[in-house]
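Input: a single structure, listed below in structure tokens.
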Amino acid sequence: MIDLVLFVGRIALVAILYLFLFVVMKTGIGLVKGQRKDPAIWCVDVDKGPRQLRGLHVDMLGPVVVGRSPSSDIVISEPFVSSTHARFALQGPALVLEDLNSTNGTLVNGRSILDPVTLRDGDEVQVGDVVMRVSRR
């Protein structure tokens, strides 16, 4: 009888071990693929600025660099914009904006930022003469 109890205990332990490994592996694969469990997506919409940029919509799936350089993700061809002016980055569920030591600065809701700022739904970001609205859907 004791042998039967030990045998069932061993099988249960192995089953729990495999279940644990499956959960850990599934989580690791999700992180590698960049899958987000949070259904809300941050996005940036250009409200004001040059005609070719107005109406631009960008979903934030990773870091997004704003600047005058053609290698930037959002290219703003204006003299008051630095080549790499600012960067939007996801940090967990939050969207953070960082000024990349630009010459003329970056404004959030009309205020100049010096340090990285956690953005909220509806915030306005101004780079040069371009105004972008941050939203979460």
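Contact of the V44 side chain with the F88 side chain is registered, since non-hydrogen atoms from C-beta on lie closer than 4.5 Å. Between C43 and M60 there is no side-chain heavy-atom pair separated by less than 4.5 Å.
The CZ atom of R68 lies 8.5 Å from the OG atom of S77; values are rounded to the nearest 0.5 Å. The distance from atom CE of M132 to atom NZ of K48, rounded to the nearest 0.5 Å, is 13.0 Å. Summarising the geometry, atom CG belonging to L95 is positioned 12.5 Å from atom CD1 belonging to I41; distances are rounded to the nearest 0.5 Å. Atom CG of L17 sits about 6.5 Å away from atom CG of L13, to the nearest 0.5 Å.
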Exercise. Passes side chain to side chain contact (heavy atoms under 4.5 Å, CB included), V125 versus L107? Steps please.
Worked result: CA-CA 6 Å; V125 175; L107 303 176; over 6 Å; no

Problem set entry | Verdict with reasoning, I11 to F7, per side chain to side chain contact (heavy atoms under 4.5 Å, CB included) | CA-CA 6 Å; I11 290 180; F7 180 71; 3.2 Å; yes

Exercise. Would T106 and Q126 count as a side chain to side chain contact (heavy atoms under 4.5 Å, CB included) if you check the C-alpha gap in whole Å, the side-chain angles of each, and the deciding distance to 0.1 Å?
Worked result: CA-CA 6 Å; T106 304; Q126 184 172 348; over 6 Å; no

Return all side-chain donor-acceptor pairs below 3.5 angstrom for residues 111-123, not counting sequence neighbours, or 'none' if the list is empty.
unit_1: D121; atom_1: OD1; unit_2: R136; atom_2: N; d: 3.0
unit_1: D123; atom_1: OD1; unit_2: N109; atom_2: ND2; d: 2.9
unit_1: D123; atom_1: OD2; unit_2: R120; atom_2: N; d: 2.8

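For D47, the side-chain hydrogen bond (donor to acceptor under 3.5 Å, both in side chains) partners at least two apart in sequence or on another chain are R133. Residues forming a salt bridge (Lys or Arg N to Asp or Glu O under 4.0 Å) with R87 (at least two apart in sequence, or on another chain): E98.
Neither V46 nor V75 shares a network with the other; the hydrophobic side chains, linked directly or stepwise wherever heavy atoms of I, L, V, M, F, W or Y lie under 4.5 Å apart, form separate groups for each. Hydrophobic clustering, with ILVMFWY side chains joined whenever heavy atoms are under 4.5 angstrom apart, groups V127 together with V108. In the hydrophobic clustering of ILVMFWY residues, with side-chain heavy atoms under 4.5 Å counting as a link, L90 and V64 come out together. With hydrophobic clusters built from ILVMFWY side chains whose heavy atoms lie under 4.5 angstrom apart, V134 shares a cluster with I74. Criterion: ILVMFWY side-chain heavy atoms under 4.5 Å apart, direct or through other members. Under it, V96 and W42 are not part of a common hydrophobic cluster.
In terms of heavy-atom proximity, A86 sits nearest to L97 at CB-CD1, 4.0 Å. Across G49 and R54, no two heavy atoms sit closer than the pair O-NE, 2.9 Å. S72 and S83 make their closest contact through OG-O, 3.3 Å (heavy atoms, listed as atom of the first residue, atom of the second, distance).
Considering L100, D99, N101, I76 in turn, D99 is the only one that fulfils the side-chain contact (heavy atoms from CB on, under 4.5 Å) rule with H85.
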